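Written below as structure tokens is the structure these notes are about.
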Amino acid sequence: MQSLKSVNIEGNHCDIVISDENVALWEAFNSHRATVAILGKEDIDIAVSKYAVLDYADIDEKYLEKVACRYLHIPVCIGKADDIKIRELCLDDFEIFSKFCEFPFKNIEGLREYIDFHYDFYGYGLYVFENEKEVMGLAGFYNEDNRCFLSYITDKKYRRRGYTFKVCKYLLKYIEETYGAGDVYTRIDISNTASINLADKLGVNIVN
């Protein structure tokens, strides 16, 4: 089985070859096309396809859009909370977020490794939230001791205005519906009453 799908993302074109045969996947890979392997017919060489599914029916438009975005190095937009866009991190974000003392990446190489690995491996991660003018903050999830933790940083000008609550509420619903994550935790200093109140409103478990 072999199929060719064409996807356009923000004016950028991406051809995606879907196949259950190594030969077809290698040809696509060497032709600089994105690939999705269908498992089962033969042992697929993992070197030729970053993405794999068990059945062709598992591939929908959202899945193809994700593959195209990753291939084109365009951050995937996961949705909106009112007029606030929520998307994956990209390398261009480093200059902005490196000014935040809470930003977890000390250099752009660390951010690049995170982008190349984390979203695909875990299925979720940290997300930028922004309005039409500028970046507002960063919120999302990380794993610690097999527990899912919520984390966020917000630009000072957007704090205490309800934006962080809207974004975190959206993300909690997103991770529950998409990945079935129920219990979510957050690590907060007991002196940070604003964050404690936010966690209470969100229904997140607080860890000191």
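Note that the coordinates shown come from a computational prediction; the quantities given were computed from them, not determined experimentally.
The closest side-chain heavy-atom distance from Lys5 to Asp15 is not below 4.5 Å. Contact annotation: the side chain of Asn205 never approaches that of Val184 to less than 4.5 Å [non-hydrogen atoms, C-beta and beyond]. Residues Tyr170 and Ile84 are not in side-chain contact: their nearest non-hydrogen atoms beyond the backbone lie 4.5 Å or more apart. Val36 is not listed as a side-chain neighbour of Leu25, based on a closest heavy-atom distance of 4.5 Å or more. Within the 4.5 Å cutoff, no side-chain heavy atoms of Tyr51 are placed close to those of Ile16. Between Asn131 and Met136, the closest side-chain pair of non-hydrogen atoms falls below 4.5 Å. Within the 4.5 Å cutoff, no side-chain heavy atoms of Ile175 are placed close to those of Leu171.
Between the side chain of Thr35 and the main chain of Val48, a donor-acceptor pair closer than 3.5 Å is present. No donor-acceptor pair closer than 3.5 Å links the side chain of Tyr114 to the backbone N or O of Gly125. Distance alone, capped at 3.5 Å, places no donor-acceptor pair between the Arg160 side chain and the Lys156 backbone. The closest donor-acceptor contact from the side chain of Ser31 to the backbone of Arg33 lies at 3.5 Å or more, if one exists at all. When atom types are taken as modelled, the side chain of Asn22 and the backbone of Asp45 share a donor-acceptor pair closer than 3.5 angstrom. Side-chain atoms of Asp20 never come within 3.5 Å of backbone atoms of Ile38 as a donor-acceptor pair (strictly under, hydrogens ignored). Judged by distance alone, with hydrogens and angles left aside, the side-chain atoms of Arg159 form a donor-acceptor pair with the main-chain N or O of Thr154 at under 3.5 Å. Remark: side-chain polar atoms of Asn197 are paired, donor with acceptor, to backbone N or O of Thr193 under 3.5 angstrom. In this structure, Asn192 contributes its side chain and Asp189 its backbone to no donor-acceptor pair below 3.5 Å. Side-chain atoms of Tyr163 do not come within 3.5 Å of backbone N or O of Glu130 as any donor-acceptor pair.
Residues Leu202 and Ile188 fall into different hydrophobic clusters, defined by Ile, Leu, Val, Met, Phe, Trp and Tyr side chains chained together at heavy-atom separations under 4.5 Å. In the hydrophobic cluster analysis, where Ile, Leu, Val, Met, Phe, Trp and Tyr join through side-chain heavy atoms closer than 4.5 angstrom, Leu4 is grouped apart from Leu72. Tracing side-chain contacts under 4.5 Å through hydrophobic residues (I, L, V, M, F, W, Y), one reaches Tyr158 starting from Phe100; they form part of the same cluster. The hydrophobic cluster containing Tyr142 does not contain Tyr127, counting ILVMFWY residues as joined when their side-chain heavy atoms lie under 4.5 angstrom apart, directly or transitively. A continuous path of ILVMFWY side-chain contacts below 4.5 Å connects Val204 to Phe141, so both sit in one hydrophobic cluster.
Taking each heavy atom of Ala37 and Ser49 in turn, the nearest pair found is N-OG, 3.2 Å. Considering every non-hydrogen atom in both Phe94 and Asn107, the closest pair reads CE1-C, 3.4 Å. Between Leu89 and Tyr119, the closest heavy-atom pair is N-OH, 2.9 Å. Minimum interatomic distance between Cys90 and Leu111 (heavy atoms only, all atoms of both residues): O-CD2, 3.7 Å. Nearest heavy atoms, Ala139 versus Cys168: CB-SG, 4.4 Å. Taking every heavy atom of both residues into account, Leu150 and Thr186 meet most closely at O-OG1, 3.1 Å.
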For this session: Step by step, work out the side-chain contact (heavy atoms from CB on, under 4.5 Å) result for Ile9 and Glu65.
Result: CA-CA 8 Å; Ile9 306 291; Glu65 182 181 339; 3.6 Å; yes
Exercise. Would Ile86 and Lys80 count as a side-chain contact (heavy atoms from CB on, under 4.5 Å) if you check the C-alpha gap in whole Å, the side-chain angles of each, and the deciding distance to 0.1 Å?
Worked result: CA-CA 6 Å; Ile86 305 171; Lys80 283 189 171 184; over 6 Å; no
Problem set entry | Derivation and outcome, salt bridge (charged side-chain N to carboxylate O under 4.0 Å, His left out), residues Asp83 and Lys166 | CA-CA 10 Å; Asp83 58 345; Lys166 285 182 181 180; 5.6 Å; no
Problem set entry | Candidate pair Ile78 and Thr178, rule side-chain contact (heavy atoms from CB on, under 4.5 Å), full reasoning | CA-CA 11 Å; Ile78 66 165; Thr178 308; over 6 Å; no
For this session: Tell me, with the steps shown, if Arg87 and Asp93 meet side-chain contact (heavy atoms from CB on, under 4.5 Å).
Result: CA-CA 11 Å; Arg87 62 166 173 81; Asp93 294 317; 2.9 Å; yes
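Heavy-atom neighbours of Glu95 CD from other residues, nucleotides or ligands within 6.0 Å: at or below the threshold of 12. Shown here is Glu61, whose CD atom has no more than 12 heavy atoms of other residues, nucleotides or ligands within 6.0 Å. Heavy-atom contacts from other residues, nucleotides or ligands closer than 6.0 Å to CD of Glu134 number more than 12. Within 6.0 Å of NE2 in His13 there are more than 12 heavy atoms belonging to other residues, nucleotides or ligands. In Asp43, the CG atom is not crowded: 12 or fewer heavy atoms of neighbouring residues, nucleotides or ligands sit closer than 6.0 Å.
Ring geometry, Phe149 versus Tyr185: the interplanar angle falls from 30° to 60°, so the pair is classed tilted. In this pair, Phe103 and Phe105 present their aromatic rings perpendicular. The plane angle is above 60°, beyond the 30 to 60° band. Using cut-offs of 30° and 60° on the angle between ring planes, the pair Trp26 and Phe29 is perpendicular.
The ring of Phe129 has its center no closer than 6.0 angstrom to the ring center of Tyr152.
Salt-bridge check for Asp116 with Lys50: failed, with every basic side-chain N at 4.0 Å or more from each acidic carboxylate O. With respect to the salt-bridge test (charged N to carboxylate O, under 4.0 angstrom), the residues Lys66 and Glu88 do not qualify. Looking at Lys85 and Glu132, no side-chain N of the basic residue comes within less than 4.0 Å of a carboxylate O on the acidic one, giving no salt bridge.
Side-chain contact of Tyr124 with Asn143: a donor-acceptor pair under 3.5 Å is present, judged by distance alone. With no hydrogens or angles considered, a side-chain donor-acceptor pair links Tyr56 and Ser3 at under 3.5 Å.
Rounding to the nearest 0.5 Å gives a distance of 12.0 Å between CZ of Arg187 and CD1 of Ile206. Atom-to-atom distance recorded for Glu144:CD and Ser151:OG is 10.5 Å, nearest 0.5 angstrom. Between atom CG of residue Leu138 and atom CD1 of residue Ile153 there is a gap of 5.0 Å, rounded to the nearest 0.5 Å.
A side chain to side chain contact (heavy atoms under 4.5 Å, CB included) with Leu91 is found for one member of His73, Arg112, Glu109 and no other, namely Arg112.
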